[in-house]
Structure formats: C-alpha cells, structure tokens
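Here's the structure we're looking at; comments come further down.
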Amino acid sequence: MRFLLTDEQREFGRSLDALLTAADTPAVLRAWAAGDHGPGRALWGRLADAGVFALAVPEAYGGVGPLPVEAAVACVELGRHAVPGPVAETLAAGVLLAGAGGPVAEEWLPGIASGAAVVSLTLEGYGPYAPDADAADAVFTVTGDELRLAPGPGEPSASADPARRLFRPEPGGAPVAKGPAIRAAARAAGDTAAFATAALALGCGEELLRATVAYVKQRTQFGAPVGSFQAVKHRLADTLLGLEFARPLLYGAAVELASEVSRPGAGAGAGSAEGSPGAGAGSAEGSSGAGAAVAAAKVAAGEAGYAAARTALQLHGAIGYTEELDLAWWLRRARPLRDVWGTPSACRARVLAG
C-alpha cells in the first residue's frame, strides 16, 4: 500500500514554509538565545494562527485535533526553519492535559490552541529537564499519577543548543490533577513529544543537506566545484538516503497514532483525571500500541538528522565552525534533537520490545 499526503496537507506544509521563510528565523534564534523572547513569541503567535498548535488540542477545547499526520507536516517545516521554543513539549502538553481533563484542561488547552500559552513539561523516564522553561507560561511535571504545575522554571543547565535552554523545574507545586488517567495521559504525551521531535529532527536534517548541497556547488578546489568529487557525492547520497528512509517511518508512526485516536471510545472529548478517564484519556490509553512505531521513527530521524549535521560540518570546512554562519544553529540543534525524548538506544530497545 502506498501512502501519500493529501493536497491539503501538502499545501499546509507549503504555507508554513512560506511563513517561516519570510520570518528570518536565524535572527529570531539569535534573539531567543540572548534571552529576548519577543520575536519568538510573535512568530509563535503566527504559527498558532496557521493552526499548528491546535493540531494537538481536541475540538472541545478550541482545537482541531488530534491530527498526527498534519502535526508531522508542521513539525518537519518547523524543524527545517529551526523555530525556537518548546514546540514538541507544547504539543505533548496538549495531549497530556486533554487526557487529564477537568479544570486544568479547561484553563490551559484553549490557550495552547490559540498560541497564547507556551508550555514546557517533564515526564518520568525522559529526564529532569524542561526545555525553554524560562519562556513558558506554564511548566507541568508528572510524578506517578500526579500532575503538578511547577512553581517556577528553576535554574538553567548547560545546553549544546544555546537557543534551546534546559531547566530543572522548581520542586513542589500543588497537584492540579491526579489518578490513573494521568499515567495513561503521560504515556501518550511522551509518545507525542518523541513523535514531534522526530519530525523536527527530520526537518533539521533536510535543511542541513539542502544548505550543504548548495555550498559544495559553489566552493571550488583544483578548479572544479567540490560537489563534483566522487567522495563528496557519496557522502551526500548517504545523507539523503538516511533522511529518505526516516520519512516513511515518521508518517507510518503518524498513521499509527491516528489509528489509535480513531478507535471507538478514543474520541477528543474531555474527561476527568479522577475516576472515569473519559474520551481524552481513552486515546492516551491506546497510545501504547503506537509506541514502537514512534520509537522507530524517532531513532531513524534523529540519527539521520545528526548524520546530516556531521556531513554539513565536514563539507563546509572551517566555515562550518563559525558563529556568523547561520547554519551553525542547525548544526547545534541536530544532536539534542537526536537524544531528547528518547535516546537512540532507548528507542531501539522499545522497538525490539514491540
């Protein structure tokens, strides 16, 4: 069976590409890394107006989701343009809060869908760091069957990507929801974060390859473009193969996630974290079936994106190390995207476990 994006999905991707091309994301990235979140929040609002963050929010809360295939299309474009901010975490928070239901969902989900709320989060089993917590309006943490709103972003930690700062949220905070539904919602949120990160990594790798191909066509050595040398061609071809093999795994995972959502009893309605989980948490329960597909997509896209970064760095030569080169922001982003929300070894283990 052959899977293709619809005309509407392809047009959605093209519209995001045009929006982000006009946004001068390298300048936004530099401002974000310097602590000026204004340009990034303005871009976030435009992406929300295009419907990006509503893709993970159920219709009952002002969204249009969950729509995993469209979310993949969007995140590939956001990765291609290196959009700053906790994109994967905000999408995952939409799934987490929809599964929790109740007052916390009613308070935060409409803002996530509209772009008014930027959210980061931590989940058990995925490390202690909340990316870009200083720029977030809320940082949620899940421990066991308790969902808490962190009282503050905490202290920053060193990050390989200066435009993706890491924070350990301040401990404490009153529980905003608890119960078995929180565990199920957290599992679904972890899958969503890994899935969105895979798409971001694929887009990042595609841009690294595009920029490198353009560069080796211009740079000359011994009177010929270096892109004409066989060794360079082979390196670029290997990079392209890695990205192209990751793409069907990403969209295959999207189809698996969409199938889980469309199961009877796994609708987009609101539920309560206490007692009966409701429809929102029902989709969270079913997400475990898509976990292996998400893990396969994550490891393939993460490794392909990081391989593209290594290729780009080598073929750009000494210029690849310079801060002045815009491509440096993509180079620094590839490895963190490979490792966050599931390291390659953890994802391979999950694939093998089925």
Side-chain angles (χ1 to χ4, degrees), residues 5-6 8-13 15-16 44-78 83 85-102 104-119 121 140 181 184-200 250-271 277-287 289-291 293-294 297 341:
L5 296 176
T6 66
E8 292 80 6
Q9 289 164 343
R10 287 194 291 269
E11 181 57 34
F12 179 49
S15 68
L16 290 176
W44 192 278
R46 293 198 293 275
L47 290 169
D49 290 341
V52 170
F53 302 108
L55 295 171
V57 176
E59 293 182 14
Y61 298 103
V64 297
L67 295 174
V69 176
E70 286 76 4
V73 171
C75 286
V76 168
E77 293 302 328
L78 270 59
V83 171
V87 172
E89 292 72 24
T90 297
L91 293 172
V95 173
L96 174 65
L97 297 178
V104 66
E106 295 171 0
E107 179 180 359
W108 288 101
L109 285 177
I112 290 175
S114 69
V118 176
V119 178
L121 80 164
F140 291 98
R187 287 195 296 270
D191 285 345
T192 299
F195 171 71
T197 302
L200 292 169
L250 175 68
Y251 286 107
V255 171
E256 290 286 343
L257 289 170
S259 297
E260 296 285 0
V261 170
S262 63
R263 288 186 321 150
S283 62
E285 287 280 7
S287 69
V294 170
W341 296 112

Angle between ring planes, W44 versus F53, binned at 30° and 60°: parallel, tilted or perpendicular? parallel
Can you name the closest pair of heavy atoms from [X] and [Y] and give their distance?
X	Y	answer
Y61	G101	OH-CA, 4.0 Å
A181	G99	CB-O, 4.1 Å
A253	A297	CB-CB, 4.1 Å
C75	V87	SG-CG1, 4.3 Å
A100	V104	CB-CG1, 4.3 Å
L250	F195	O-CE1, 3.5 Å

Got a second to check how far [X]'s [atom1] is from [Y]'s [atom2], nearest 0.5 Å?
X	Y	atom1	atom2	result
E260	D191	CD	CG	9.0 Å
Q9	Y251	CD	OH	8.0 Å
L96	L91	CG	CG	12.5 Å
L200	W341	CG	CH2	12.5 Å
E11	L5	CD	CG	12.5 Å
L47	E77	CG	CD	11.0 Å

Exercise answer: donor-acceptor pairs, residues 110-118 side-chain atoms, under 3.5 Å, sequence neighbours excluded:
unit_1, atom_1, unit_2, atom_2, d
S114, OG, P110, O, 3.2
S114, OG, G111, O, 3.2
S114, OG, A116, N, 3.4

Any F12 side-chain heavy atom under 4.5 Å of L55 side chain: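 A side-chain contact under 4.5 Å exists here.
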With respect to V294, which candidate in T197, T192, L257 satisfies the side-chain contact (heavy atoms from CB on, under 4.5 Å) definition?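 The single option meeting the side-chain contact (heavy atoms from CB on, under 4.5 Å) with V294 is L257.
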